[in-house]
Amino acid sequence: MSDDNAMYPPVDPVKAALSACCPRCGQGKLFDGLSKIKPRCTNCGLDYTFIDAGDGPAVFVILIADFIVVGLAVWTEINYQPPAWLHALLWGPLAIGLSLWLLRTIKALLVALQYKNNASQGTIDRG
């Protein structure tokens with residue numbers, strides 16, 4: 001990734017994450033499907049092999065989505081006491097939809113930040 005000599009205006013990582021676009025040009029799509037990253041940008045040709053989001057997006061999704069869904073479910077139970085089937089009908093689809101959207105968005109954000117900060121595999125300097 002250090003051999004990037006193309007001249008593109010800087011792309012805001014949050015904007016790139018919300019639109020799921022290339023972190024360099026801001027035009028090409030980042031994903032091939034729901035959460036699989038394409039091999040390269042179709043617009044500028046940036047090679048996406050440097051990307052290593054790891055388990056970070058999943059951990060953030062678990063923490064954020066669970067906080068929101070469980071918080072809303074507890075608030076609803078305390079204030080309205082709906083039956084259990086209504087809880088399942090409300091919070092099941094919300095948890096799934098929110099988790100999928102957050103997974104894609106947070107993964108794109110971590111990729112954009114990784115590109116912006118030129119992050120790479122750590123090495124030990126023994127010299």
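Scanning all heavy atoms of the two residues, the minimum distance from A16 to V11 falls at CB-CG1, 3.9 Å. Closest non-hydrogen pair, A65 versus S99, comes out as CB-OG, 3.8 Å. Across F31 and K38, no two heavy atoms sit closer than the pair O-CE, 3.3 Å. Across all non-hydrogen atoms, the minimal contact from C25 to N43 is SG-ND2, 3.4 Å. In this structure, F50 and V111 approach most closely via the heavy-atom pair CE1-O, 4.5 Å. Between I106 and P57 the shortest heavy-atom distance is CG2-CA, 3.8 Å.
Of the inter-residue distances, the one linking T76 atom OG1 with L90 atom CG reads 7.0 Å to the nearest 0.5 angstrom. Taken to the nearest 0.5 Å, the CG atom of L109 stands 10.5 Å off from the NZ atom of K116. Atom NZ of K15 and atom SG of C21 lie 5.0 Å apart (nearest 0.5 Å). Atom CG of D12 and atom CG of L18 lie 9.0 Å apart (nearest 0.5 Å). To the nearest 0.5 angstrom, L113 atom CG is 13.0 Å from Y115 atom OH.
Contact check for L34 versus L103: no side-chain heavy atoms found under the 4.5 Å cut-off. You'll find the side chain of S19 stays beyond 4.5 Å of the side chain of L30, heavy atoms only. Considering only heavy atoms from C-beta on, P39 stays 4.5 Å or farther from Y48 through its side chain. The closest side-chain heavy-atom distance from V69 to L98 is below 4.5 Å. Residues C44 and R24 have side chains in contact (heavy-atom distance under 4.5 Å, counting atoms from C-beta outward). Between P82 and H87, the closest side-chain pair of non-hydrogen atoms falls below 4.5 Å. Side-chain contact between C22 and Y8 is absent, with no heavy atoms from C-beta onward closer than 4.5 Å.
Screening I96, L86, L72 for a side chain to side chain contact (heavy atoms under 4.5 Å, CB included) involving W91 leaves a single residue, L72.
In this structure, W101 is a member of the same hydrophobic cluster as I68, with clusters built from ILVMFWY side-chain heavy atoms closer than 4.5 Å. No chain of hydrophobic side-chain contacts below 4.5 Å, direct or via other Ile, Leu, Val, Met, Phe, Trp or Tyr residues, connects I64 to V59. Using a 4.5 Å cut-off between side-chain heavy atoms of Ile, Leu, Val, Met, Phe, Trp and Tyr, with links allowed through other members, L94 and W85 fall into the same hydrophobic cluster. Both L102 and F60 sit in one connected hydrophobic cluster of ILVMFWY residues. Membership requires side-chain heavy atoms under 4.5 Å apart, directly or through other members. Linking ILVMFWY residues whenever their side-chain heavy atoms come closer than 4.5 Å, directly or via other members, leaves L63 and V61 in distinct clusters.
Looking at K107, its side chain never comes within 3.5 Å of a backbone N or O of A53 through a donor-acceptor pair. Within the 3.5 Å criterion, the main-chain N or O of G45 finds a donor-acceptor partner in the side chain of R40.
In the displayed structure, N79 atom CG is contacted under 6.0 Å by more than 12 heavy atoms of other residues, nucleotides or ligands.
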